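The sequence lines fix the lettering, A, B, ..., with proteins before strands; numbering per chain opens at 1. Because the structure is a prediction, the values reported are computed rather than measured.
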Amino acid sequence: MSVIIIDEAHERTLHTDILFGLIKDIARFRPDLKVLVASATLDTERFSCFFDDAPVFRIPGRRFPVDIYYTKAPEADYLEACVVSVLQIHVTQPAGDVLVFLTGQEEIEACCELLQERCRRLGSKISELLVLPIYANLPSDMQAKIFNPTPPGARKVVVATNIAETSLTIDGIIYVIDPGFCKQKSYNARTGMESLIVTPCSRASANQRAGRAGRVAAGKCFRLYTAWAFKHEMEETTVPEIQRTNLGNVVLLLKSLGINDLIHFDFMDPPPHETLVLALEQLYALGALNHLGELTKLGRRMAELPVDPMLSKMILASEHYKCSEEILTIAAMLSVNNSIFYRPKDKVVHADNARMNFVVPGGDHIVLLNVYTQWVESGYSTQWCFENFIQFRSMKRARDVRDQLEGLMDRIEVELCSCNGESVPIRKAVTAGYFYNTARLSKGGYKTVKHQQTVYVHPNSSLFEEQPRWMIYHELVFTTKEFMRQVIEIESGWLLEVAPHYYKNKELEDSSSKKMPRKQGKAREELG
DNA sequence: CTCTCCCT
């Protein structure tokens, strides 16, 4: 007999949901296989029902009770409400550390500053309050501070993102302050744009947060919203990731496992139809699927790499342009989420100057390559990172990703070779993977070629002031505006060179007519 | 002229 355990199933990550579908299928014709699904939430019925009415076992947790307090009326300014609540706890409540949940770096910094300023003003009237931020992109030495034991007579306040909800636990937390918001990714399959939006968190998430107060002793959770809002306005559970993300690599993976009919794949919660259609269209455009929606030889090679299809295609194309060494580095650097450059608030000018020193012509990909190359020349130095306002942790991760990808080159038969940093072949290889993400400068600024959508170069980009006519973007994100992040300059002729099946000469020259790429009707056929 | 959850 064999057993498969799926733990933390309640988190409903992309991979959990894919596993659900695959394992359910396998378990039906493998009676020797036991499947154990472990979830920390109470919605067991959904899991049980999905797995053909599997029996449910309830295992009581070993936690201390947590008293929940709600506000009588909604808070107009939850940041201010957090600050006031922390100070009230500090002055009126017995010993025990405080954990505050906020949505992101900016909010956390603001909250910490406010707390410190008010403590300064109160001076010796109150006992010491240690204010510590924690979020994923905070440098690791500063992250480590939250784990130092609180000195006697003092109290610690940890101001955190969702990182403290599941990923790490802090000893000594007795009080939790929960404003009830989090930042969530969502994906628009019509435009292919991701956005990160502050939304009310789910009841499951709120309960998880409250639980953080009861790990060492009985605790208290102060919810900065009304009991009514908890009951009537918040969703029961968080929308599963599979319904809020681009599915390019998932579709490629499933196709490579021989699952052709994705529309009828047994998803516990199916993704939006349009998301699947767009993923299929893009894979067809990349040449990973044929007109019947079947995996091509190229698609099979692309599926060997654990990265998004466009990135995979870029790596495969790099062999033709004799720059696979450079492209592997760029792929690795793009995989670590915009966390290469460190920009602390109190040293913005220094950090920006340091960043400028890395700028080379061509665009952000070439700049990333330059950063990595210099780091290698420094002997992978931590000190070098520190001096250049580069996040060591991110570079280390890029190195790991690069090593892993390099190890797979043999299997997909891509020869390692270098163009000695020459820009054109590198940018052509990028174009071969990302031709779908082309933007062009017109009178009203940049517009995407695919949807004629107005987009902007991100102010952090090395091409922010350059305004090249044609650009390729790595990703499109909506924050305060529609931003292209990580862009390179290209020549329109390259589009015909790398994707003649996708672009017609006319489309690239005639600026008055609608510049739509060829119809991608074939990929739709599979969908009926 | 921004500034963005989590870890795969």
Side-chain angles (χ1 to χ4, degrees), chain A residues 8 10-19 101-110 133-138 140 143 159-168 179-187 193-202 205 208-209 238-242 244-250 252-253 305-308 311-312 331-332 334-348 351-352 355 364 389 391 393-394 396-398 400-401 404-405 445 455-467 475-487:
Chain A
E8 311 282 358
H10 61 278
E11 287 186 13
R12 299 296 303 275
T13 64
L14 187 56
H15 291 285
T16 299
D17 276 28
I18 304 300
L19 268 176
F101 283 101
L102 290 173
T103 66
Q105 178 178 348
E106 202 178 310
E107 249 178 42
I108 289 173
E109 282 172 353
I134 178 92
Y135 45 89
N137 271 350
L138 190 73
S140 10
Q143 283 195 353
V159 188
T161 60
N162 264 355
I163 195 170
E165 194 178 301
T166 48
S167 307
L168 57 88
F181 290 96
C182 65
K183 221 167 251 183
Q184 263 201 352
K185 188 165 83 176
S186 64
Y187 179 68
M193 187 149 61
E194 282 187 344
S195 42
L196 214 52
I197 295 168
V198 175
T199 39
C201 65
S202 65
S205 176
Q208 180 78 22
R209 289 176 175 190
T238 310
V239 175
E241 191 183 5
I242 199 166
R244 308 183 270 116
T245 195
N246 177 326
L247 293 177
N249 49 355
V250 168
L252 186 60
L253 173 74
L305 302 177
V307 296
D308 280 337
L311 207 61
S312 205
L334 289 170
S335 306
V336 300
N337 280 328
N338 313 299
S339 52
I340 299 290
F341 298 100
Y342 177 51
R343 199 168 182 264
K345 251 187 163 177
D346 52 336
K347 286 176 195 144
V348 165
D352 287 350
R355 186 180 187 139
D364 300 319
F389 289 84
Q391 295 233 48
R393 194 165 28 130
S394 304
K396 201 166 150 319
R397 164 128 184 85
D400 289 344
V401 172
Q404 192 192 341
L405 290 175
V455 290
Y456 303 88
V457 180
H458 196 278
N460 273 351
S461 168
S462 63
L463 294 181
F464 184 62
E465 284 167 346
E466 298 280 317
Q467 304 250 315
E475 59 182 356
L476 207 54
V477 287
F478 180 85
T479 51
T480 52
K481 262 195 212 168
E482 289 85 353
F483 284 115
M484 296 179 281
R485 260 198 327 216
Q486 316 289 22
V487 291

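- In this structure, E241(A) and F464(A) both approach DNA chain B, and ranking their closest nucleotides by distance from the 5' end singles out F464(A).
- The CD atom of E109(A) sits 14 Å away from the P atom of dC3(B) (whole-angstrom rounding).
- Counting any heavy atom pair closer than 4.0 Å across all strands shown, Y456(A) reaches no nucleic acid atom.
- Looking at T238(A) and S205(A), their side chains never bring a donor and an acceptor atom within 3.5 Å of each other.
- In this structure, D352(A) atom CG and dT2(B) atom C1' are separated by 11 Å, rounded to whole Å.
- Taking atom CG of residue L138(A) and atom P of nucleotide dC6(B), one finds them 10 Å apart after rounding to whole Å.
- Across dT8(B), dC5(B), dC7(B), the shortest atom-to-atom separation from the side chain of H15(A) is found for dT8(B).
- The nucleotide whose nearest atom lies closest to any side-chain atom of N460(A) is, among dC1(B), dT2(B), dC6(B), dT2(B).
- No engagement by E165(A) is indicated, since no non-hydrogen atom pair under 4.0 Å with the nucleic acid exists.
- Atom CZ in R355(A) sits about 13 Å away from atom P in dC3(B), given to the nearest Å.
- Residues E194(A) and K185(A) are paired through a salt bridge, judged by an N-O separation under 4.0 Å between the basic side chain and the carboxylate.
- Toward the 5′ end of DNA chain B lies the nearest nucleotide of T480(A), the other residue of the pair T480(A) and S335(A) mapping further downstream.
- Going from atom CG of L196(A) over to atom C1' of dC3(B) covers 12 Å, rounded to whole Å.
- Listed nucleotides: dC5(B), dC6(B), dT2(B). Nearest to the side chain of A136(A): dC6(B).
- Here the nucleotide nearest the side chain of E465(A), chosen from dC1(B), dT2(B), dT8(B), is dC1(B).
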Worked verdict on Q143(A) versus R393(A) for side-chain contact (heavy atoms from CB on, under 4.5 Å): CA-CA 12 Å; Q143(A) 283 195 353; R393(A) 194 165 28 130; 3.7 Å; yes
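- The NZ atom of K396(A) sits 14 Å away from the C1' atom of dC7(B) (whole-angstrom rounding).
- Taking 4.5 Å as the limit, every side-chain heavy atom of P240(A) sits out of range of all side-chain heavy atoms of L14(A).
- The shortest distance between side-chain heavy atoms of N460(A) and R355(A) falls below 4.5 Å.
- At the phosphate of dC7(B), neither OP1 nor OP2 sits under 4.0 Å from any side-chain N or O atom of T13(A).
- Counting any heavy atom pair closer than 4.0 Å across all strands shown, R397(A) reaches a base atom.
- Checking the phosphate oxygens (OP1, OP2) of dC6(B), no side-chain nitrogen or oxygen of T166(A) falls inside 4.0 Å.
- Here dC7(B) presents its P atom at 10 Å from CD of E11(A), a figure rounded to the nearest Å.
- Relative orientation of the F483(A) and Y456(A) rings is perpendicular, given thresholds of 30° and 60° on the angle between their planes.
- Among the heavy atoms of the strands lying under 4.0 Å from T479(A) is at least one base atom, whether or not backbone atoms are also near.
- We find that CD of Q486(A) is positioned 18 Å from P of dT2(B), with the value rounded to whole Å.
- Counting non-hydrogen atoms under 4.0 angstrom, Q184(A) reaches nothing in the nucleic acid.
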